[in-house]
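Okay, so here's the structure we're looking at.
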Amino acid sequence: MSTSPQQRLRDWIAAPAYPWITGGAVTVGAVVELIAVPGGVTTTVGVLVSAASLMWRRSFPPVAMLTVAAGLIAFAGDVNLYVSIMVSGLTGCYSLGRNRVLHPALTVAGGALGAVCVNLVHINTWSRMDLPVPALWEKGSLSLFAESFLLTVVVFGAVMMGDAVRSREETRTERSLAQAKLIAMERQQAAEAERAAIARELHDIVSHSVSMIAVQAESATYTTPGLTPEARDGFQQIAGTARSSMAELRRLLGVLRTPPGDTGPAALTAPQPTLDHLAELVEQHRAVGGPAELRVTGERVALPAAWELSAYRIAQEALTNARKHAPGARTVVEVDYGAGRLLTLRVRDDGPGTGPGSDPGSGPDSVPGTGHGLTGMRERAALVGGRLTAGAGPDGGFLVEAELPWGSG
């Protein structure tokens with residue numbers, strides 16, 4: 001994906017070589033200036049130190065104080081204001097504010113004091129050059145300090161700009177961290193909610209199986225002729241253990257509450273869906289979400305209830321995502337009953353794929369997505385020892401693939 005010019009500029013500024021390149025460029029410009037307009041020893045040394053020190057402003061931010069001080073000394077030693085001094089001085093003040101080497105108020109106060117000192121040196125120089133300089137505190141003498149005022153304003157502006165950029169970046173970082181934390185919390189809550197839903201469904205499955213064990217054990221006591229007393233006691237113990245297991249199961253899972261939409265009697269008594277209901281599910285999607293097709297390969301086998309339910313829910317959630325992120329796209333649901341007792345479920349569409357606003361995938365080579373639907377599908381696949389990948393399909397669109405092993409070969 002191409003980046004904007006602003007992003008490329010930000011990346012270049014953030015590069016480690018940036019301060020060395022810019023500092024070196026200012027130093028070269030200072031040398032050229034000094035050759036064109038030679039200055040005294042103090043001015044020459046101050047200009048070169050002020051420019052060259054910019055190269056270390058990122059690796060050692062306090063060096064910016066030397067940059068500004070050397071620039072002020074160089075300006076004080078010559079009434080000429082070199083362009084390189086202006087550039088290095090502004091950059092140094094900006095760096096002091098950007099890295100907050102000192103509190104901005106102290107930085108501005110120090111710059112103002114330096115500006116006054118430079119101004120006093122210049123006043124003394126003007127008087128020795130026989131220029132009309134009024135005595136201090138006489139009428140019109142305040143105009144002599146206009147230079148101090150201008151330098152202070154420039155220092156204040158550069159420091160405040162650097163501090164503002166620093167504050168903005170800190171705010172952006174804090175916002176990003178808070179957003180990441182919120183996303184992590186939402187994913188955790190979605191995973192917990194999905195686990196609770198899975199536990200409720202498994203509770204129904206296990207309760208049915210254990211209750212059948214109890215009923216059959218009780219019935220065998222009376223319907224099986226010729227039972228010995230020991231056999232009859234064994235059946236009674238089986239029935240009692242089954243009833244105790246049911247009570248313990250209800251106690252452990254009693255804290256789970258049915259979601260608001262599932263409180264009716266039908267929700268409590270309706271049978272759990274299986275892979276036999278996939279055709280109906282695909283038909284429902286076709287009625288509201290666009291063209292859809294169900295493809296089944298391999299011989300249909302009756303899988304354990306947890307596998308049937310997990311596969312159905314994964315297909316249901318994948319179709320929901322297809323309707324949400326690729327409305328009108330053609331969707332294909334593939335079910336493969338592998339010979340190695342491996343159930344493979346694929347749901348793919350020919351929509352835009354993992355574009356902006358879509359529920360990003362979490363394939364082997366991609367970053368985990370933040371979509372709660374994908375989180376739930378992964379939870380269901382992991383519940384039965386399987387794995388789920390989601391992302392851009394080989395022919396475009398979006399692909400959800402789940403591999404659910406249901407027994408050893």
Side-chain angles (χ1 to χ4, degrees), residues 3 5-37 39 41-78 80-118 147-148 150-174 176:
T3 57
Q6 294 84 355
Q7 183 60 45
R8 287 196 294 269
L9 177 62
R10 284 194 292 266
D11 293 340
W12 182 66
I13 293 176
Y18 174 76
W20 294 94
I21 295 175
T22 54
V26 175
T27 303
V28 171
V31 172
V32 173
E33 264 196 304
L34 289 172
I35 294 175
V37 185
V41 175
T42 301
T43 300
T44 301
V45 173
V47 170
L48 294 178
V49 170
S50 180
S53 60
L54 290 176
M55 291 184 282
W56 288 272
R57 69 185 185 275
R58 181 173 296 172
S59 59
F60 185 64
V63 78
M65 291 189 290
L66 175 62
T67 301
V68 177
L72 291 175
I73 292 174
F75 184 36
D78 196 326
N80 295 319
L81 178 59
Y82 290 87
V83 175
S84 57
I85 292 180
M86 295 174 56
V87 174
S88 61
L90 287 173
T91 306
C93 290
Y94 173 86
S95 181
L96 289 173
R98 173 68 179 77
N99 297 282
R100 209 165 219 196
V101 177
L102 297 173
H103 192 278
L106 293 177
T107 304
V108 173
L113 179 60
V116 172
C117 292
V118 170
E147 186 179 69
S148 300
L150 291 176
L151 286 176
T152 301
V153 170
V154 170
V155 170
F156 175 82
V159 171
M160 290 299 102
M161 181 180 294
D163 189 68
V165 171
R166 176 181 178 274
S167 299
R168 185 179 63 183
E169 291 186 355
E170 286 183 347
T171 301
R172 185 185 298 116
T173 301
E174 292 175 358
S176 299

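Contact record, V83 with E33: N-OE2, 2.9 Å, taken as the closest heavy-atom pair. Summarising the geometry of I85 relative to A74, their closest heavy-atom pair is CD1-CB, 3.5 Å, with the distance given to 0.1 Å. Looking at every heavy atom in both residues, M65 comes nearest to L96 through CG-CD2, 3.6 Å. Scanning all heavy atoms of the two residues, the minimum distance from V155 to V108 falls at CG1-CA, 4.3 Å. Across every non-hydrogen atom of L90 and V154, the tightest pair is CD2-CG1, 3.1 Å. Taking both residues in full, the closest heavy atoms of V47 and A30 are given as CG1-CB, 3.6 Å, listed atom of the first, atom of the second, then distance.
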Query raised in the report: Stepwise, does the side-chain contact (heavy atoms from CB on, under 4.5 Å) test hold for F75 with T43?
Result: CA-CA 7 Å; F75 184 36; T43 300; over 6 Å; no
Report task. Applying side-chain contact (heavy atoms from CB on, under 4.5 Å), run through W20 and R58 and close with a yes or a no. Result -> CA-CA 9 Å; W20 294 94; R58 181 173 296 172; over 6 Å; no
Report task. Test side-chain contact (heavy atoms from CB on, under 4.5 Å) on C93 and V68 and set out the steps. Result -> CA-CA 7 Å; C93 290; V68 177; 3.9 Å; yes
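Listed for the Y82 side chain is a donor-acceptor partner under 3.5 Å among the backbone atoms of V37.
Residues T67 and S88 have side chains that never bring a donor and an acceptor to within less than 3.5 angstrom of each other. With no hydrogens or angles considered, a side-chain donor-acceptor pair links R57 and T22 at under 3.5 Å.
Rounded to the nearest 0.5 Å, atoms CD1 (I13) and CG (L9) are 4.0 Å apart. I73 contributes atom CD1, which lies 10.0 Å from atom OG of S50 (distance to the nearest 0.5 angstrom). Considering CG of L34 and OG of S84, their distance stands at 6.5 Å, rounded to 0.5 Å. Rounding to the nearest 0.5 Å places CG of L54 at 5.5 Å from OG1 of T91. Atom CG of L81 and atom CE of M86 lie 5.5 Å apart (nearest 0.5 Å). Atom CG of L106 is separated from atom CG of L113 by 12.0 Å, given to the nearest 0.5 angstrom.
The side chain to side chain donor-acceptor pair (under 3.5 Å) search around S167 returns none, not counting sequence neighbours. The side chain to side chain donor-acceptor pair (under 3.5 Å) check on R98 picks up E169, with sequence neighbours excluded. Applying the salt bridge (Lys or Arg N to Asp or Glu O under 4.0 Å) criterion to R100, with sequence neighbours excluded, gives D163.
Taking a 6.0 Å sphere around CE of M160, one finds it holds more than 12 heavy atoms contributed by other residues, nucleotides or ligands.
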